[in-house]
Amino acid sequence: MSEEQTETGTGWPQPAVPGRSTGPDPRPGAPDSDETSPLTPQGEPPGRESPSPGDPESGDTATVDLSSVTPPAGATPAAPAAAARRFTSAGAMIALLLGLLGFTLVVQLRTTSTDPTSAATRQEDLVRIFSDLDSREKRLRQDIEALEESQRQLRSGEQGRQAALQEATRRADELGILAGTLPARGPGLSVRFEAGAKPISAYRVLDAVQELRGAGAEAMQISGGDGAAVRIIASTYFLDGSGGDLVVDGRRLSGPFTITVIGDPTTMATALKIPGGVAASVAGDGGNVIVEDREVADVSALHAPVKLEHARPVS
């Protein structure tokens, strides 16, 4: 090592590698590395290509073998790096699509972002708002149901009037049968009273009528031996006449007496034949009560309408 190297502290000089710059020489007065590069001819003016080795014009036939030059670790050849930086058409299309996707995501996030006003709303206010909406929905549903019911009533108005008329007619018929102003027909009984040692009293006949009513009789009439008949209603009365006759609502009937009644035959027959009842009482007087079922019993006798003087319906 020379004294100059010792003073500068550069140590031994590194061997020069063709094609690789080792940096400027730190020694004082050292020539520039470009000037001493074995690949660049000294004194060549800028912008002029140096003659290739072996060119007849250069007069220099020396050649430099670069195959033995080893690139430093981590260095990438220039040609593959340049090829990697070149974008193909497919790569450009992918990049464009990725950019559009990113832009769409950003716009979507901004659109669906939470409203700062709603975010600042308290939980109690949100609960109240929800309750108000729920109540409003219930009221609207009730209004819809009411309107639908009105629509059904309007559509079925004619049917409703017809049904009301039919119901009124049915009710009038029932009241007419109970009042004795309309004839009636249906299953029932024929109850015949035959006198014995004693005549059939009005009391025994009234007792039989009360038993039949209690057993569900719906319409009744009483007829005498001469065929005369009187309709039995709520206001009908019975009186004893002379010679064993009966006076029913002012009309005289002679025996034997027959009550035609419409109702459940079994129930009414049982009511008449209970121990100590009508049949037993008449039998105790020496008479007889004959009860016969009728599939169709006709109550055809009518009663004049009763004119009410004091009673009025309660509205």
Side-chain angles (χ1 to χ4, degrees), residues 138-139 141-191 201-224 228-241 246-253 257-272 274 277-278 281 294 296-315:
K138 291 181 179 179
R139 289 194 300 269
R141 290 186 180 276
Q142 292 176 356
D143 294 341
I144 291 174
E145 293 177 358
L147 292 175
E148 290 178 349
E149 181 64 23
S150 300
Q151 184 180 17
R152 285 192 296 268
Q153 291 179 356
L154 292 174
R155 289 180 176 179
S156 62
E158 185 64 26
Q159 297 178 356
R161 287 190 293 271
Q162 186 66 26
L165 180 60
Q166 293 177 357
E167 179 64 19
T169 303
R170 184 188 65 83
R171 185 61 176 169
D173 292 341
E174 292 179 354
L175 294 176
I177 291 174
L178 293 176
T181 57
L182 294 176
R185 175 179 294 176
L189 296 176
S190 174
V191 183
S201 65
Y203 176 77
R204 300 301 181 192
V205 175
L206 180 59
D207 192 12
V209 170
Q210 297 294 345
E211 290 289 349
L212 291 171
R213 283 176 175 169
E218 297 177 354
M220 289 184 286
Q221 72 179 21
I222 185 171
S223 58
V230 177
R231 184 72 171 262
I232 300 175
I233 61 173
S235 61
T236 301
Y237 63 91
F238 300 88
L239 296 175
D240 292 327
L246 287 178
V247 178
V248 181
D249 281 348
R251 186 168 183 177
R252 184 178 295 271
L253 301 176
F257 310 108
T258 301
I259 297 178
T260 304
V261 57
I262 296 175
D264 183 19
T266 303
T267 304
M268 293 187 298
T270 302
L272 292 175
I274 61 175
V278 175
S281 300
R294 291 286 187 268
V296 178
D298 288 324
V299 177
S300 57
L302 300 180
H303 194 284
V306 177
K307 183 179 180 179
L308 302 178
E309 297 181 0
H310 305 286
R312 295 291 184 271
V314 178
S315 58

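Source: prediction; values computed, not measured. Values reported hereafter were calculated over all heavy atoms of this structure, with side chains retained and with hydrogens, waters and symmetry mates removed.
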Nearest 0.5 Å please: distance from the CZ atom of Phe238 over to the CG atom of Asp207. 11.0 Å

For Arg294, the side-chain hydrogen bond (donor to acceptor under 3.5 Å, both in side chains) test, sequence neighbours excluded, returns Glu292

Supply the atom-to-atom distance Leu302 CG to Ile233 CD1, rounded to the nearest 0.5 angstrom. 11.0 Å

Within the side chain of Thr181, is there an N or O that forms a donor-acceptor pair under 3.5 Å with the backbone of Pro305? no

Looking only at heavy atoms, what is the nearest atom pair of Ala219 and Ile177, with distance? CB-CG2, 4.0 Å

Verify, without hydrogens or angle tests, whether Gln221 (side chain) and Ile259 (backbone) share a donor-acceptor contact under 3.5 angstrom. no

Going through the distances and angles, do Glu174 and Arg170 end up as a salt bridge (Lys or Arg N to Asp or Glu O under 4.0 Å)? CA-CA 6 Å; Glu174 292 179 354; Arg170 184 188 65 83; 2.5 Å; yes

Interatomic distance, OG1@Thr260 vs CZ@Arg231, rounded to 0.5 Å, equals 11.0 Å

One should read off an interatomic distance between Asp173 CG and Leu178 CG, to the nearest 0.5 angstrom, of 11.0 Å

Decide side chain to side chain contact (heavy atoms under 4.5 Å, CB included) for Ser223 and Leu253; before the verdict, give the C-alpha distance in whole Å, the side-chain angles of both, and the deciding distance to 0.1 Å. CA-CA 7 Å; Ser223 58; Leu253 301 176; over 6 Å; no

Which atoms form the tightest heavy-atom contact between Gly188 and Met268, and what is the distance? CA-CE, 4.2 Å

Would you please say whether a donor-acceptor pair under 3.5 Å links the side chains of Asp249 and Thr236? yes

When every non-hydrogen atom of Thr270 is compared with those of Thr266, the smallest separation belongs to OG1-O, 2.9 Å

What closest approach, in Å, do Arg213 and Met220 show between heavy atoms, and which atom pair accounts for it? CG-CE, 3.6 Å

With a 4.5 Å limit on heavy-atom distance, are the side chains of Val209 and Ile232 in contact? yes

Write down the atom of Gly224, the atom of Phe257, and the distance for their closest heavy-atom approach. CA-CD2, 4.4 Å

What closest approach, in Å, do Ala297 and Val261 show between heavy atoms, and which atom pair accounts for it? CB-O, 4.0 Å

As an exercise, state the distance from CG of Leu189 to CG of Leu212, rounded to the nearest 0.5 Å. 7.0 Å

What's the spacing between Leu206 CG and Arg204 CZ if we round to 0.5 Å? 11.5 Å

Start with the C-alpha distance between Leu239 and Leu246, add both sets of side-chain angles, then the distance that settles side chain to side chain contact (heavy atoms under 4.5 Å, CB included), and finish with yes or no. CA-CA 6 Å; Leu239 296 175; Leu246 287 178; over 6 Å; no

Please evaluate residues Asp298 and Val296 with respect to the criterion side chain to side chain contact (heavy atoms under 4.5 Å, CB included), reporting the C-alpha separation (whole Å), side-chain torsions for both, the decisive distance (0.1 Å), and the verdict. CA-CA 6 Å; Asp298 288 324; Val296 178; 4.1 Å; yes

